[in-house]
Amino acid sequence: MATDSASLYARIHELVRLIPAGSVATYGQLARLCGCSARQAGYAMAAAPDDVPWHRVINSRGEISPRKEGGESAQRGRLLDEGVTFDRRGRVDLGQVRWPGPSWAWLAANGYSVDGIE
DNA sequence: TAAATGACTAACA
DNA sequence: GTGTTAGCCATTT
């Protein structure tokens, strides 16, 4: 259970909730937005509740990250159900389905620096 | 308290 | 294209 860093996870989870169906984001992308490292983004997914579309978060290669349990297939299935296509290698076309990120308005409304760099 | 772990990434060979 | 190295930092042991 998260301790003091629960707010950090909450922030990541909120970002993930903004990802529309049919789009995907990378761990590093979320990490940049929440101001933490990519590993923490992965940890946040492991701890993500069911109301978070964690299946829309993949690694920078556009593949499903291998984890302990074999939940990869479930994640792939959810994405396919949302219209995300995988190529023969099991990778998605990030150039096509990658989530551009939250709107500037959202960022500003949530205390993020719109300048990109605080 | 210290060391190991991990749903990562970028850079380099 | 693949393999290795280093950096990352909360969580777990």
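All values below come from the heavy atoms of this structure, side chains included, with hydrogens, waters and symmetry mates left out. Proteins get letters first, then strands, A, B, ... in listed order; numbering begins at 1 in each.
- The distance between atom CZ of A:Arg91 and atom P of C:dT2, rounded to the nearest whole Å, is 8 Å.
- The minimum heavy-atom distance linking A:Tyr112 with A:Leu33 is given by the pair CE2-O, 2.7 Å.
- Between the OH atom of A:Tyr9 and the P atom of B:dA7 there is a distance of 11 Å, given to the nearest Å.
- Counting to the nearest Å, the P atom of C:dT2 and the CZ atom of A:Arg89 are 5 Å from each other.
- We find that NE2 of A:His13 is positioned 13 Å from C1' of C:dA10, with the value rounded to whole Å.
- Rounded to an integer number of Å, the gap from CZ of A:Arg67 to P of C:dT11 is 19 Å.
- Base engagement by A:Gln75 is indicated by at least one non-hydrogen atom pair under 4.0 Å involving a base atom.
- Taking atom CD on A:Gln40 and atom C1' on C:dA10, their separation rounds to 4 Å, with Å as the unit.
- If you measure from atom CE of A:Met45 to atom C1' of C:dC9, you get 16 Å, rounded to the nearest angstrom.
- Both A:Tyr43 and A:Ala38 lie near DNA chain C, and the one whose nearest nucleotide falls closer to the 5' end is A:Ala38.
- Taking only side-chain atoms of A:Ser60, from C-beta outward, the nucleotide of B:dA10, C:dA10, B:dA7 with the closest atom is B:dA10.
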Does the salt bridge (charged side-chain N to carboxylate O under 4.0 Å, His left out) test come out yes or no for A:Glu63 and A:Arg89, once each step is laid out?
CA-CA 9 Å; A:Glu63 298 180 317; A:Arg89 286 255 244 36; 5.9 Å; no
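- The side chain of A:Ser65 approaches B:dA7 more closely than any other nucleotide in the set B:dT9, B:dA7, C:dA10.
- Linking ILVMFWY residues whenever their side-chain heavy atoms come closer than 4.5 Å, directly or via other members, places A:Trp99 and A:Ile12 in the same cluster.
- A:Val52 and A:Val24 are not part of a single hydrophobic cluster, where members link through side-chain heavy atoms under 4.5 Å apart.
- Rounded to whole angstrom, the span from the OH atom of A:Tyr27 across to the P atom of C:dA10 amounts to 19 Å.
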